[in-house]
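Working notes, beginning with the structure itself.
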Amino acid sequence: MLSASSRDRNKPRVPLALAALAVVSSAVTIVPATAAQATSTTSATSNLSATSATGRAWNETAYRGRVEVVRAQDGPADPSVLTGRVFVDDDRDSASDRNERGLGGVLVSNGRDVVTTDSRGGYRLPVHDNMTVFVTQPSGYQVPVDESNVAQFHYNHLPEGSPALRYGGIAPTGPLPSAVNFPLVRSSLTQSSEQHCVIAGDLQTYDKEEVEYARKGAIGDLSKRNDYQGCGTLFIGDVVGDDLSLYPDVKGLTGLTNGPARFLPGNHDLDFDAETAEHSFDTFRAQLAPAYYSYDVGNVHVVALNTVRYPCTPDVDNADGRRPQCADPANRPAYNGRLDEHQLAWLERDLAKVDRNKLVVVASHIGLLNFADESSPIHQVDQVGQVYDLLKGRKAVAVAGHSHSIENMKTGDRVKGWQDVFGVDRLPFPHITAGAIAGDWYSGAITEDGYPVAVGRDGGRPGVLTLDVKGSSFKERYTVTGESDRVQTQLGVNSPTYRQWYVDRQAWNKTPEGAAPELGDPNVVTRADLAGRTWLTTNFWMGATGSTVKVKIDGERARPAVRTQELRGEAQRVGPEWSDPHAVAQQLVNGGSVADRAMHLWRFELPADLSEGEHRAVVTATDSYGRQFTDTLRFRVVEQR
């Protein structure tokens, strides 16, 4: 997301223990991680081990190879048509041998047209001078990966190469090859109806130090998992933070993962010196992936979209009749959330060839719609209505990044801004914002494991999303960096004392004079606090419509907490009373965004007649699938501080 400021990234970081002491009184240390202050149990599945069901590690079985580009001395017979074949690479040498059979019924595209291979695996596609040709991996087969596990399934055709670009773009490819052949091998992993698809939001490393943070954090977690070998990891944009020379470092990270790595572009993956949109992702295309494409695993069809339009040209009306909004001119360069006409045409043709019984995963960097930016015409997608029309009647889920927030929105959810800006009344299928590996741009205190806490604008913590798929049904799972899947909630106490500190600390941060206001122990409340409304808050990261949160105080009967955003057409509720106090207590001291709103926060009003002394709150959060997660928070009631 473009709005990350250098202030956030360059904020001096302090060790975690010292950061905690800055938040509370000298007598109490509150570690800013739920696991340290609460006990957690759950009926959900924990992270799967680093050995697959077959017992074989990824590196023992990975298909290493490349796309075969065949050049003849006198070139192709017809330079206006690209030909080639999709073949089963039995000897795994990436070369189309005479005895290796072609594979029929496979989709191949030039980014505009979509064709199906004939019975011998052959295809023919029209040529245009700046095109990326790619194969849609079919279920039961696997495209090759390189030594860094990056999927190899495309060829860029740009005869004269990119215009002069700082990061190189695409080198001249020369005349059209006589053939571009796509190798595949059989794969029981991609054939299985059970898939675990990792969706990794905003890696967004601005320098090598942040590459190291990612390696110690979420990438280190992925290196210990082996449940995603078939579907792999899809990095959904902002792979780096403007410095495209870091792509080789990113490949060093994907080399540690245990499955194919795929990428789609974000607004920080741009060639900012490109003068036209057709070259704005040339370096990304040269080093990582097509700007948009599709692939199949199990009964899932993934469409990876490019939803970033740069440069944005608001002075020109577009074919859909909408005049695009561009990012604030002060935030140059300007971009917009938009699909161009060629990509829309491709999407329609791609989906027309997909079995209607498949689950369609629509992946993008800028989300079709989201909660965090619900009133923004810039940080959502102009043609969201057209995409919905193309998916009508299909089982689908949209996944996105960009906002550095975690959002789990269900079919039928509504937010005021969607209707006001896009004319969308309610969601036709689930939309999930996948959080970010970078969290809040690697801000905040450094953990003992060597990466920043980076608590997000919604109180969420860094991590990755996994879609656990069976057939054409899925369940979403968020894994917090450095934690097991049991950690799904974060508890806090929102009292009048906290809310006054929030206001005072915000003011002090803007104009620091004298000593900074201190919160003291946030889990100590006075009788006056209780009389002035004090809530126990539960930030349930994958909480959604259909989820419940119940609170049991001192062993008494469990009572329901109330969700702060019902997603029934209301606007965002913003401010200290709607905030996550556990997150804010870190953020206002150690830097980063401020968690002053969330669509996954629940509040439980503490009884005003609680006796003095220590109390124990047991919180049970139940998701929309019936999976339960339990956290415990101890707090103390005193007459006065």
Side-chain angles (χ1 to χ4, degrees), residues 67-69 76 78 80-87 102-143 151-158 176-177 179-184 190 234 262-265 278 281 285 289-307 319 338-364 383 386-396 398:
V67 173
E68 183 184 37
V69 180
D78 182 354
S80 68
V81 178
L82 175 67
T83 62
R85 66 192 294 254
V86 178
F87 67 98
L103 193 62
V106 179
L107 302 186
V108 184
S109 177
N110 59 8
R112 300 182 186 182
D113 307 280
V114 179
V115 298
T116 305
T117 57
D118 61 26
S119 60
R120 297 182 178 181
Y123 71 87
R124 294 171 59 87
L125 279 167
V127 172
H128 52 93
D129 279 344
N130 182 12
M131 69 176 184
T132 301
V133 180
F134 56 88
V135 64
T136 294
Q137 172 188 284
S139 296
Y141 294 87
Q142 175 69 62
V143 299
Q152 304 294 298
F153 61 98
H154 73 286
Y155 171 74
N156 295 313
H157 176 64
L158 188 57
L176 188 73
V180 174
N181 301 321
F182 296 102
L184 302 169
T190 71
L234 178 59
R262 296 179 175 89
F263 305 86
L264 56 82
E278 67 173 333
F281 285 114
R285 292 164 59 204
Y292 54 90
Y293 54 92
S294 63
Y295 58 98
D296 283 8
V297 290
N299 204 36
V300 179
H301 182 71
V302 181
V303 287
L305 300 179
N306 170 21
T307 51
R338 191 165 185 82
L339 306 175
D340 68 25
E341 59 181 339
H342 297 308
Q343 186 175 184
L344 272 173
W346 166 80
L347 179 60
E348 181 174 10
R349 293 162 183 161
D350 175 87
L351 290 173
K353 295 180 181 292
V354 175
D355 190 312
R356 298 192 70 85
N357 292 322
K358 283 182 177 284
L359 171 67
V360 179
V361 177
V362 183
S364 63
Q383 301 93 338
Q386 291 168 262
V387 175
Y388 288 168
D389 287 343
L390 292 176
L391 291 163
K392 192 169 293 184
R394 290 184 180 272
K395 184 175 287 190

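All residue numbers in this chain count up from 1 along the given sequence. Note that the structure is a prediction, hence the values are computed from the model and not measured.
- With a 4.5 Å cut-off on side-chain heavy atoms, Thr132 and His157 do not count as touching.
- Atom NE2 in His154 sits 4.5 Å away from atom CG in Asn156 (nearest 0.5 Å).
- With Arg349 contributing its side chain and Arg112 its backbone, the two residues share a donor-acceptor pair below 3.5 Å.
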Next on the checklist: With ring-ring contact (aromatic ring centres under 6.0 Å, His included) as the criterion, how do Tyr293 and Phe153 come out once you've worked through the C-alpha distance, each side chain's angles and the decisive distance to 0.1 Å?
Outcome noted: CA-CA 10 Å; Tyr293 54 92; Phe153 61 98; 5.0 Å; yes
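- Pairing each heavy atom of Phe281 with each of Pro265, the nearest pair is CE2-CB, 3.4 Å.
- Here Ser294 contributes atom OG and Phe134 contributes atom CZ; the two are 6.0 Å apart, rounded to the nearest 0.5 Å.
- The two atoms that bring Leu390 and Leu344 nearest to each other are CD1-O, 4.3 Å, heavy atoms only.
- The nearest pair of heavy atoms linking Trp346 to Ser109 is CD1-OG, 3.2 Å.
- When side chains are defined from C-beta on, Gln137 does not count as touching Phe182, because their heavy atoms never get closer than 4.5 Å.
- Minimum heavy-atom separation, Glu278 to Arg285: O-NH1, 3.8 Å.
- In this structure, Pro177 and Tyr155 have side chains that are in contact, with non-hydrogen atoms separated by less than 4.5 Å.
- Between Leu184 and Val86 the shortest side-chain heavy-atom distance falls below 4.5 Å.
- Note that CG of Asn306 and CG of Asp340 are 7.5 Å apart. Values are rounded to the nearest 0.5 Å.
- With Tyr123 as the aromatic partner, Arg85 does not meet the cation-pi criteria of under 6.0 angstrom to the ring centre and within 45 degrees of the ring axis.
- Not a single donor-acceptor pair under 3.5 Å links the side chain of Gln343 to the backbone N or O of Leu305.
- Contact of the Val67 side chain with the Asn181 side chain is not registered, since no non-hydrogen atoms from C-beta on lie closer than 4.5 Å.
- With salt bridges taken as basic N to acidic carboxylate O contacts below 4.0 Å, one links Asp296 and Lys358.
- A heavy-atom distance below 4.5 Å is found between the side chains of His301 and Thr136.
- Leu351 places a side-chain heavy atom less than 4.5 Å from the side chain of Val360.
- Separation of atoms CZ (Arg356) and CG (Leu391) is listed at 9.0 Å; rounding is to 0.5 Å.
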Next on the checklist: Show, in sequence, the C-alpha distance, side-chain angles and deciding distance for Val114 and Lys353, and conclude whether the side chain to side chain contact (heavy atoms under 4.5 Å, CB included) test is met.
Outcome noted: CA-CA 9 Å; Val114 179; Lys353 295 180 181 292; 3.7 Å; yes
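- Here the side chain of Thr190 pairs a donor or acceptor atom with the backbone of Gly140 at under 3.5 angstrom.
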Checklist entry - Yes or no on side chain to side chain contact (heavy atoms under 4.5 Å, CB included) for Leu264 and Tyr292, after CA distance, side-chain angles and deciding distance? => result CA-CA 7 Å; Leu264 56 82; Tyr292 54 90; over 6 Å; no
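- Of all non-hydrogen atoms in Gln383 and Leu339, the two that sit nearest each other are NE2-O, 2.6 Å.
- Considering all non-hydrogen atoms of both residues, Leu82 and Met131 come closest at CD2-CE, 4.2 Å.
- Using modelled atom types, no side-chain atom of Thr83 and backbone atom of Ala179 make a donor-acceptor pair closer than 3.5 Å.
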Next on the checklist: Evaluate Asn110 against Val127 for side chain to side chain contact (heavy atoms under 4.5 Å, CB included), listing each step before the verdict.
Outcome noted: CA-CA 8 Å; Asn110 59 8; Val127 172; over 6 Å; no
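- In this structure the side chain of Ser80 never reaches within 4.5 angstrom of the side chain of Leu176, judged on heavy atoms.
- With rounding to the nearest 0.5 angstrom, the OG1 atom of Thr117 is 14.5 Å from the CZ atom of Arg124.
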Checklist entry - Can you list the steps and then say if Leu158 with Asp129 is a side chain to side chain contact (heavy atoms under 4.5 Å, CB included)? => result CA-CA 6 Å; Leu158 188 57; Asp129 279 344; 5.6 Å; no
